[in-house]
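A note on names: the letters A, B, ... follow the listed sequences, proteins ahead of strands, and every chain is numbered from 1. What you see below is based on every heavy atom in this structure, not just the backbone, and it leaves out hydrogens, waters and symmetry mates.
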There are 2 protein chains.
Amino acid sequence: MDKKQLILDAAIKLFVEFGFHGTPTSKIAQEAGVANGTLFHYFPTKDDLVMALYIDIKTRLNEYIEQNAKQEAGFKERVKGQYLASLYWALDHNAEFRFIQLFNASPYHTVLDPVEVDKQTKPILDMLRMGIKDKIIKDLPVDLLYTLITSHTYALNQYLAGQEFSKTKQHQYISDTFELLWDMLT
Amino acid sequence: MDKKQLILDAAIKLFVEFGFHGTPTSKIAQEAGVANGTLFHYFPTKDDLVMALYIDIKTRLNEYIEQNAKQEAGFKERVKGQYLASLYWALDHNAEFRFIQLFNASPYHTVLDPVEVDKQTKPILDMLRMGIKDKIIKDLPVDLLYTLITSHTYALNQYLAGQEFSKTKQHQYISDTFELLWDMLT
DNA sequence: TCCTATATTGACTGAACACTCCACAAAATT
DNA sequence: AATTTTGTGGAGTGTTCAGTCAATATAGGA
């Protein structure tokens with residue numbers, strides 16, 4: 001068993017439930033079933049843990065999107081692929097997705113390496129630029145559009161997580177809200 | 001000079017910059033220029049302070065919206081009035097607006113009195129319901145639409161706050177994104 | 001088998017923190 | 001003016017926490 005992963009898993013759960021301030025490292029170690037010192041063996045500081053967690057989660061989400069959002073079809077289908085993949089992943093990894101939101105709203109977000117952030121968002125911005133060039137979507141700054149799309153996605157996830165819908169209803173709302181998003185963009 | 005207000009002002013500033021976990025009550029008192037004990041005279045616990053702060057800010061925002069979003073015109077103008085008022089207020093009270101976001105993403109949000117929350121959102125939900133009945137906007141659950149509208153608004157504020165735009169540009173983006181929002185809803 | 005490197009433990013520490021307490025000041029009430 | 005209530009101060013307190021450390025375990029290579 002990978003203790004490092006146990007620690008990360010415990011940390012997600014507790015951070016999402018109690019926030020960063022509300023979860024001592026001791027509780028994380030306890031929840032993970034490891035000794036206090038073990039946590040600091042893998043993560044020198046609590047901040048390192050938070051950062052590592054964010055990077056880990058974001059990486060896995062991006063991998064999932066890359067593998068599941070097909071590239072072949074037309075522009076709308078490509079955007080939709082990204083949107084659906086994000087939300088399907090979020091349905092299965094709710095704590096992780098909420099952690100991303102928590103992190104984004106927190107001051108940690110500002111200490112992220114901008115280069116790394118750019119690298120992750122660039123493909124999407126490029127896609128949007130192409131849509132603008134082809135006069136498919138509205139001509140507005142792509143980073144603005146990106147912000148709006150992202151927040152739309154998070155908002156839907158929060159909505160779905162906040163209530164107990166059937167799988168069918170969930171998928172329906174995901175489709176429906178993609179159409180809203182699309183109407184917004186075009 | 002109202003020390004209570006000094007404390008609230010200092011708290012907003014520090015919470016937004018360092019997060020809840022990163023701002024000790026001692027720093028808040030120091031920033032406010034009052035003694036440690038004075039803070040606890042007004043706010044028995046740190047949590048009470050956070051809560052009071054949220055309620056205070058939310059109240060002022062709502063008052064501003066109520067006074068500035070005119071009621072008379074047609075449906076689109078009424079929705080637009082709300083949107084513009086929110087964002088204009090946010091431009092002048094950026095820390096406060098970011099505090100609301102921080103709070104919403106935090107675990108504090110779950111301990112809010114649901115009755116109070118309902119009371120604040122009801123007018124907007126009623127407005128949306130009317131729009132649906134009149135076939136102006138799409139027929140989806142109003143609380144879902146509300147979530148999407150809210151997050152759209154926060155997202156734009158975050159975008160505007162993140163870069164240094166001229167007043168003109170800011171107003172233009174606020175108008176432009178309202179049209180996006182409207183296209184999404186209708 | 002020995003040796004070295006890495007993993008794991010949990011008691012410990014020093015600092016930071018939320019909050020208390022009591023003294024005193026200012027205002028309000030009588 | 002006397003008395004009560006409310007505001008203000010800041011040193012003090014008990015606790016909690018992030019992070020250390022030295023001892024022990026585990027594993028892998030020579």
Side-chain angles (χ1 to χ4, degrees), chain A residues 1-57 95 99 102-103 105-113, chain B residues 1-57 59 95 99 102-103 105-112:
Chain A
M1 40 164 148
D2 186 358
K3 305 225 169 186
K4 192 174 174 181
Q5 196 56 51
L6 287 175
I7 292 166
L8 289 171
D9 290 344
I12 294 176
K13 189 184 157 190
L14 294 174
F15 282 147
V16 167
E17 187 169 358
F18 304 109
F20 296 121
H21 69 301
T23 56
T25 52
S26 54
K27 280 270 166 55
I28 297 172
Q30 190 185 326
E31 172 84 20
V34 302
N36 219 309
T38 306
L39 187 150
F40 288 95
H41 174 69
Y42 289 105
F43 309 99
T45 69
K46 189 182 181 180
D47 283 7
D48 285 334
L49 170 59
V50 172
M51 288 299 187
L53 196 47
Y54 180 76
I55 290 164
D56 180 53
I57 292 175
F99 177 85
L102 187 66
F103 185 93
S106 82
Y108 282 113
H109 190 248
T110 61
V111 295
L112 277 179
D113 180 11
Chain B
M1 40 165 146
D2 186 358
K3 305 227 165 185
K4 192 174 174 181
Q5 195 57 49
L6 287 176
I7 293 167
L8 289 171
D9 290 345
I12 294 177
K13 188 184 157 189
L14 295 174
F15 282 148
V16 167
E17 187 171 357
F18 303 109
F20 296 120
H21 69 302
T23 55
T25 51
S26 54
K27 281 269 166 55
I28 297 171
Q30 190 185 325
E31 172 85 20
V34 301
N36 220 310
T38 306
L39 188 151
F40 287 96
H41 173 70
Y42 290 106
F43 310 99
T45 70
K46 190 181 182 180
D47 283 8
D48 284 334
L49 169 59
V50 173
M51 288 299 186
L53 197 46
Y54 180 76
I55 289 164
D56 180 52
I57 292 175
T59 305
F99 176 85
L102 187 67
F103 185 94
S106 81
Y108 282 113
H109 189 248
T110 61
V111 295
L112 278 179

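Atom CD1 in B:I28 sits about 8 Å away from atom P in C:dA18, given to the nearest Å. In this structure, B:I7 atom CD1 and D:dG7 atom P are separated by 11 Å, rounded to whole Å. Look at NE2 on A:H21: it is 10 Å from P on C:dA18, rounded to the nearest Å. With rounding to whole Å, A:Q30 atom CD is found 16 Å from C:dA11 atom C1'. Atom-to-atom, NE2 of A:H41 to P of D:dA23 comes out at 18 Å; the value is rounded to the nearest Å. Between the P atom of C:dC19 and the NZ atom of B:K27 lies a distance of 17 Å, rounded to the nearest Å. Between the CD atom of B:Q5 and the P atom of D:dG7 there is a distance of 15 Å, rounded to whole Å. Distance, A:L6 CG to C:dA7 P: 15 Å, rounded to whole Å.
Closest approach of A:F103 to A:H109, counting heavy atoms only: O-CB, 3.6 Å.
Listed candidates were D:dT8, C:dT9, C:dA18. Nearest to the side chain of B:K46 is C:dA18. In this structure, of D:dA11, D:dA18, C:dT9, it is C:dT9 that holds the atom nearest to the side chain of A:V34. Nearest nucleotide to the side chain of B:T25, out of D:dC17, C:dA18, D:dT8: C:dA18. The side chain of B:N36 has D:dG10 as its nearest neighbour among C:dA7, D:dT8, D:dG10. Of the candidates C:dA7, C:dT9, D:dG10, C:dT9 carries the atom nearest the A:T38 side chain, counting heavy atoms from C-beta on. In the set C:dT9, D:dG7, D:dA18, D:dG7 carries the atom at the smallest distance from any side-chain atom of B:Y42. Closest to the side chain of B:F40, out of C:dC19, D:dT20, C:dG10, is C:dC19. Taking the side chain of B:T45 as heavy atoms from C-beta on, and the options C:dC19, C:dC17, C:dG10, the nearest nucleotide is C:dC19.
For the residue pair A:D48 / A:T45, a side-chain donor-acceptor distance below 3.5 Å is found, with atom types taken as modelled.
Taking the six-membered ring where tryptophan is involved, the planes of A:Y108 and A:F20 are perpendicular, since the angle between them exceeds 60° and thus also 30°.
Of the inter-residue distances, the one linking B:K13 atom NZ with B:I28 atom CD1 reads 12.5 Å to the nearest 0.5 angstrom.
Exactly one residue among B:L8, B:L53, B:T25 makes a side chain to side chain contact (heavy atoms under 4.5 Å, CB included) with B:F43. That residue is B:L8.
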